[in-house]
Amino acid sequence: MEIKRTHLAAEITPKIEGSEVVLLGWLHEKRDLGGLRFLLLRDRSGLVQVVANKKTAQPDLWEALSSIKRESVLALGGVVKSSPQAPRGVEVRVKWVKPLISSEDPPIDIVGKTQADLDTRLDYRIIDLRRSEPQAIFKLQNTITSAIRSFLYDNGFIEVFTPKIISTATEGGASLFSVFYYDRLAYLSQSPQLYKEALTSAFERVFEIGPAFRAEESDTLRHLSEITMVDVEGAFMDYNDVMGLLDGLIKKIIMNVNQNNADELKALGRDKFTINFPLPRITYDQVTSILDEKGISYEKEGDLGTVELKALSEELKGFYFITDWPTKARPFYAMPIKGKEDRCESFDLMYGWIELASGATRINDESILRTRMTSQGLNPDAFKTHLKWFKYGMPPHAGFGLGLARLLMAVSGKDNIREVVMFPRDKRRLEP
RNA sequence: GCCACGGUGGUGUAGCCCGGUCUAGCAUGGGGGCCUGUCACGCCCUUGACCCGAGUUCAAAUCCCGGCCGUGGCGCCA
């Protein structure tokens, strides 16, 4: 590009008064007072006010300032001037403007005078993402993913990438999307579970931040057909170690968000987080006695439904663990507790009534694994590829899968997962 | 998938119950005009809409049926 930017909008401060600057960005808003024209220019750093005076401006500049449409991309040059009336006490007195490309009138309001419905915003998502609130949400997401990576690197984990096109159901059970794979039928992976477990025998500690696909009927505020999972698995760890790891991980995330995202939290109307660690842990059996006390009915030895979890969250706010779930309510690879085999070394990380993560100590003995598959109604023959790794020194291991968007809901305070996923996929929505 | 509710200009809404007064109101946006310190700038003019299909009726945005789409709740969700 022949025009070089000298400053970002946020770098225009009263301190550099008098400097000649070149800015690149989008025309966010304009106000025409007759003899004065104000523009708000937006770039990745934020907004800055640009002003022109009819008396001093060249006629073609003056004309250009009123004819450029909102959301057009432009370059402009001018002089920084501090001014008590200007936003942030500073503005740019424009000397020239060069429209780079023009924009049609934006279909939804970016400035915030009329709030479009979420469904409409998603139809125009790229435009919606220029608004301050979605910007704040995805900047929080960036803090979260970078905190996750640095925390796990520091703890000896390496990042891996497992295939998303697979030949058979990874675990039976939930519905998979099928795809044409040359002359065969294949499926989209619903979880890297089996790969990450096997990888502990090669790298000990692995993690993956990647997509998972679920062809479920789910039509709720917290389910999507395509999600990003943070999957972590470590050799020579049990579920207590993994919960400790999650404690550290959440702590690091919260610290970084508090440190780096004050503006974003403000934009979302959120306070800084004050959370005590370690996070509370409560067993499944303690949960059911609370439900008994509250007179809430639940399926004995079963998973907890929405009504049950909402009732529980009246007692337990924020982040907490539910541990020691019934073995029959968990997947086949969860390790039963020795001497108490109807409970397993498993946990869910909760935020209020929303499940964020789910983890367990895994079974690393092939024969026990086969027995568990059979008792869960699965055919071990269908898992031949997976079971073969267990013949060659599969270490004791444990891990968890964390829903990135669910965590982001908790951090951003949004109650619809579609708000915190850039391009959500649900039962109906396949675009944009 | 089930239940409830909804679908009005680009966006957000009023009107619907109680059919005619709707030639569909308001805000925001778009176009035009006036305006020298705006920051939701102000003022004036203007533009633009009843989801689709079938039905009841002299008459349907309004009532009935179906479809599609949406919102919320639940279920499903290793």
Side-chain angles (χ1 to χ4, degrees), chain A residues 28-40 47-57 62 66-67 69-71 81 83-91 93 103-124 127-128 131 169-176 189-194 197 212-225 227 229 299 303-310 325 327-334 344 346 348 355 358-360 362 372-373 376-378 383 401 403 406 415-418 426-429:
Chain A
H28 187 68
E29 210 180 347
K30 51 182 178 178
R31 283 184 208 99
D32 186 340
L33 270 64
L36 282 177
R37 283 178 179 158
F38 296 99
L39 305 186
L40 284 176
L47 297 170
V48 66
Q49 175 165 288
V50 174
V51 65
N53 189 320
K54 190 176 187 177
K55 275 186 186 164
T56 55
W62 185 249
S66 76
S67 63
K69 283 181 164 291
R70 287 184 183 202
E71 294 309 309
K81 177 76 185 159
S83 158
Q85 302 109 305
R88 295 179 15 236
V90 70
E91 64 193 4
R93 304 226 160 142
S103 171
E104 292 185 15
D105 296 316
I108 55 171
D109 174 21
I110 294 172
V111 173
K113 289 181 184 172
T114 52
Q115 178 79 27
D117 292 337
L118 177 59
D119 191 56
T120 309
R121 288 168 42 210
L122 290 176
D123 285 342
Y124 299 106
I127 318 300
D128 180 56
R131 300 169 53 242
T170 44
E171 302 172 33
S175 315
L176 295 153
S189 169
Q190 58 184 190
S191 159
Q193 181 66 31
L194 304 184
E197 281 195 53
F213 305 91
R214 296 176 181 190
E216 293 297 334
E217 288 297 311
S218 306
D219 189 6
T220 75
L221 299 184
R222 61 193 184 285
H223 289 89
L224 291 175
S225 308
I227 57 178
M229 294 287 297
E299 184 200 341
D303 203 357
L304 299 170
T306 309
V307 175
E308 293 95 293
L309 290 171
K310 282 184 175 171
W325 288 74
T327 305
K328 59 175 285 198
R330 303 296 277 203
F332 65 83
Y333 47 74
C344 60
S346 60
D348 277 0
E355 177 195 330
S358 178
R362 326 295 192 182
R372 287 284 302 128
M373 284 177 177
Q376 297 280 62
L378 298 169
F383 294 90
R406 296 245 180 120
D415 55 12
N416 191 333
I417 195 166
R418 280 155 261 256
D426 61 30
K427 224 177 133 187
R428 293 197 190 86
R429 184 175 284 278

Checking all strands, does [X] fall into the base, sugar-phosphate, or nothing category for heavy-atom contacts under 4.0 angstrom?
X: A:Arg428; value: sugar-phosphate
X: A:Lys310; value: sugar-phosphate
X: A:Gln49; value: base
X: A:Ser358; value: nothing
X: A:Glu91; value: base
X: A:Lys54; value: nothing
X: A:Gln115; value: sugar-phosphate
X: A:Asp109; value: nothing

Select from A:Arg70 and A:Ser218 the residue whose nearest nucleotide in RNA chain B is closer to the 5' end of that strand.
->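 Its nucleotide being nearer the 5' end, the pick is A:Arg70.
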Of A:His223 and A:Val51, whose closest RNA chain B nucleotide lies nearer the 5' terminus?
->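 Nearest nucleotide further toward 5': that of A:Val51.
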Using OP1 and OP2 only, check whether a side-chain N or O of [X] sits under 4.0 Å from [N].
X: A:Lys113; N: B:C41; result: yes
X: A:Lys427; N: B:C76; result: no
X: A:Thr306; N: B:G75; result: yes

[options]: which one has an atom nearest the side-chain heavy atoms of [X]?
X: A:Leu221; options: B:G73, B:G1, B:C39; value: B:G73
X: A:Arg214; options: B:G31, B:A78, B:C35; value: B:A78
X: A:Glu217; options: B:U38, B:C76, B:A78; value: B:C76

Quick one: do A:Asp105 and A:Lys69 make a salt bridge, cutoff under 4.0 Å?
->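 Yes.
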Using purine N1 to pyrimidine N3 plus N6-O4 or O6-N4 for Watson-Crick, or N1-O2 and O6-N3 for G-U wobble, both under 3.5 Å, which nucleotide pairs with B:U57?
->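 The base-pairing partner of B:U57, which may sit in any strand shown, does not exist here.
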Only counting residues at least two apart or in another chain, list the ones meeting salt bridge (charged side-chain N to carboxylate O under 4.0 Å, His left out) with A:Glu308.
->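 Salt bridge (charged side-chain N to carboxylate O under 4.0 Å, His left out) list for A:Glu308, sorted by chain: empty.
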Side chains of A:Arg214 and A:Ser191: do they bring a donor and an acceptor to under 3.5 Å?
->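 No.
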